[in-house]
There are 2 protein chains.
Amino acid sequence: MGSEQGLNDKQLWIMKQSLEVFAEKGFDATSVRDIAQRADVNVAMISYYFGSKEKLLEAIFLNHTNNMKNKIGAIIHSRVHDPLQKVDLLIDTYVDAIVENRSFHLLMMREQVLLKDGLLYNYIRDMKQHNRTLIEVAVKAGQKSGIFQKNIDVSFLAITLIGSINHFFSNYKYLCDAKAVPAEGDAYQAEVLEKLKNHLKVMYKAFLTYGITNKK
Amino acid sequence: MGSEQGLNDKQLWIMKQSLEVFAEKGFDATSVRDIAQRADVNVAMISYYFGSKEKLLEAIFLNHTNNMKNKIGAIIHSRVHDPLQKVDLLIDTYVDAIVENRSFHLLMMREQVLLKDGLLYNYIRDMKQHNRTLIEVAVKAGQKSGIFQKNIDVSFLAITLIGSINHFFSNYKYLCDAKAVPAEGDAYQAEVLEKLKNHLKVMYKAFLTYGITNKK
DNA sequence: TAAAATTAATTAAACGTTTGTTTAATTCAA
DNA sequence: TTGAATTAAACAAACGTTTAATTAATTTTA
């Protein structure tokens with residue numbers, strides 16, 4: 001049903017390599033010859049296996065959006081019952097998911113703003129819907145148990161959460177510039193990632209529990 | 001010194017029209033013939049007036065980043081003394097600035113993530129530095145007067161603020177889809193913009209004043 | 001002020017590359 | 001021996017840019 005992509009190793013290899021070039025140069029600026037060179041295959045193989053450069057992109061998107069939806073589903077069914085812990089888990093998961101898929105995240109960030117309809121638009125739309133649902137579940141649980149305030153718009157909450165994380169990653173180099181830190185240092189990157197997570201957790205706790213008097 | 005662009009009416013016209021096409025299709029996917037058609041000029045005029053397609057982009061960036069820096073400077077020197085009011089003004093200004101420059105904002109969002117150095121990178125870096133400074137001034141004033149908590153990292157605060165606003169605009173269509181609202185309705189757009197501003201103000205107030213007991 | 005000279009603006013056509021894709025021949029594996 | 005995989009070469013179309021000729025505007029000169 002479309003999600004059964006039935007991809008062989010060579011196809012997956014080409015998808016992996018081309019994704020990296022797309023992330024580096026952008027989809028439009030990447031030629032099929034760039035891809036062929038990176039993946040060390042003949043140019044004709046892209047058309048042979050995927051039909052076109054556009055369909056190669058679609059295959060990459062289908063692959064990654066499906067993977068992400070599955071990961072998100074796993075959190076929904078996780079047995080963390082404390083609402084604040086659930087929000088923390090959510091923040092950790094999103095940040096980690098992007099770290100693990102930096103290239104795809106970069107590519108998607110760039111392409112999503114121009115899309116108006118079509119396959120790619122639908123893939124992204126469905127994934128975003130999953131995200132909102134996940135946040136909604138956590139928020140409603142917190143409200144039910146009385147520790148979250150009532151006046152919360154889940155859409156805006158998703159926007160500030162995903163928006164903050166996205167902006168952090170797409171502006172990481174500018175941030176390193178501002179702090180006069182080399183952008184390649186793995187130690188600093190791990191440190192600043194923890195700081196980001198912490199900042200978001202504190203900020204969300206402050207907002208979600210705003211006006212609630214702690215009765216413990 | 002570089003900021004004196006000395007542009008004539010025809011150049012400004014071409015910049016305005018090409019910016020719209022860039023925003024719609026992306027820079028790489030836009031041909032000089034696309035631009036010529038939109039601006040109703042001969043293709044050769046782009047090279048004649050700007051030297052190249054790339055330098056046309058640079059002219060657009062220089063023009064807009066300068067304008068934005070000036071607007072930001074105006075807030076810094078504004079005589080709003082209440083720190084919370086200053087934060088509110090900041091949020092309003094950012095949102096309004098993007099609304100007034102939708103096309104450029106879209107273009108910049110797409111291009112900034114791929115830049116590693118060069119003219120465009122520097123333009124954006126300097127503008128971001130201005131943003132951080134502006135936020136820093138407001139935060140420090142709030143901390144000095146005792147109504148803001150001490151544990152605030154200005155970089156992260158900028159990331160969540162700008163990131164949220166950016167994400168809102170680049171995902172507006174997805175949001176309308178989710179709420180089953182037509183994306184073109186001006187009335188709804190004005191309404192949801194107010195909601196965004198309000199959401200951000202409440203969220204920032206909650207975070208900035210977190211742990212501070214109101215002594216009024 | 002009117003004609004001449006000079007500069008700026010505009011044009012259609014052509015330039016050499018690069019683009020995504022296809023072809024037809026060949027190699028490889030079952 | 002059949003079908004899939006791989007190749008180098010060719011394809012037309014589109015790309016950004018330049019050219020050389022022409023028109024429009026401005027300045028200089030008489």
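The chains referred to below are lettered A, B, ... by the order of the sequence lines, with proteins before strands, and numbering in each begins at 1.
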Q) Strictly by modelled atom types, are A:Asn171 and A:His167 linked by a side-chain donor-acceptor pair under 3.5 Å? A)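 Looking only at side-chain atoms, A:His167 and A:Asn171 do form a donor-acceptor pair, the distance falling under 3.5 Å.
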(Q) What I want to check is whether the side chains of A:Asp96 and A:Thr93 have a donor and an acceptor closer together than 3.5 Å. (A)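 No, A:Thr93 and A:Asp96 have no side-chain donor paired with an acceptor closer than 3.5 Å.
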(Q) For a quick check, with a 4.0 angstrom heavy-atom cut-off, what is the B/S/- contact string for nucleotides 10-15 of chain C, read 5' to 3'? (A) BBB-B-
Q: Summarise protein proximity over nucleotides 25-30 of chain C in one line of letters, 5' to 3': B for base, S for sugar-phosphate only, - for none, counting protein heavy atoms closer than 4.0 Å.
A: ------
Enumerate donor-acceptor pairs with a distance under 3.5 Å from any side-chain N or O in residues 38-47 of chain A to protein atoms, sequence neighbours excluded.
residue : atom : partner : partner atom : Å
A:Arg38 : NH1  : A:Glu24 : OE2          : 3.4
A:Arg38 : NH2  : A:Glu24 : OE1          : 2.9
A:Arg38 : NH2  : A:Glu24 : OE2          : 3.4
A:Asn42 : OD1  : A:Ala44 : N            : 2.9

Sequence neighbours excluded, which residues qualify as side chain to side chain donor-acceptor pair (under 3.5 Å) partners of [X]?
X	value
B:Glu136	B:Lys140
B:Lys179	A:Asp153
A:Tyr121	B:Asp177

Q.
If the condition is salt bridge (charged side-chain N to carboxylate O under 4.0 Å, His left out), which residues does A:Glu58 pass it with, not counting sequence neighbours?
A.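 Here no residue qualifies.
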(Q) Can you see if the side chain of A:Ser31 gets near the phosphate of C:dT19 - specifically, an N or O under 4.0 Å from OP1 or OP2? (A)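 Indeed, a polar side-chain atom of A:Ser31 lies that close.
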Q: Kindly state which residues belonging to residues 12-30 of chain A come within less than 4.0 angstrom of DNA chain C, counting heavy atoms of the residue only, listed by number.
A: A:Thr30
In whole angstroms, how far is the [atom2] atom of [N] from the [atom1] atom of [X]?
X	N	atom1	atom2	answer
B:Asn8	C:dA9	CG	C1'	10 Å
A:Lys53	D:dA14	NZ	P	15 Å
B:Asp9	C:dA8	CG	C1'	15 Å
A:Gln11	D:dT6	CD	P	11 Å
A:Leu57	C:dT21	CG	C1'	17 Å
A:Ile35	C:dT18	CD1	P	17 Å

(Q) Going by ring-ring contact (aromatic ring centres under 6.0 Å, His included), name the residues that satisfy it together with A:Phe169, two or more places apart in sequence or in a different chain. (A) none
**Q.** Set of ring-ring contact (aromatic ring centres under 6.0 Å, His included) partners for B:His130, sequence neighbours left out
**A.**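 So B:His130 forms no ring-ring contact (aromatic ring centres under 6.0 Å, His included) with any residue.
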Show me the donor-acceptor pairs within less than 3.5 Å that the side chains of residues 83-92 of chain A make with the rest of the protein, sequence neighbours left out.
residue : atom : partner  : partner atom : Å
A:Asp92 : OD1  : A:Lys201 : NZ           : 3.0
A:Asp92 : OD2  : A:Lys201 : NZ           : 3.2

Exercise answer: donor-acceptor pairs, residues 108-115 of chain A side-chain atoms, under 3.5 Å, sequence neighbours excluded:
residue  : atom : partner  : partner atom : Å
A:Arg110 : NH1  : B:Arg110 : O            : 2.7
A:Gln112 : OE1  : A:Lys128 : NZ           : 3.2

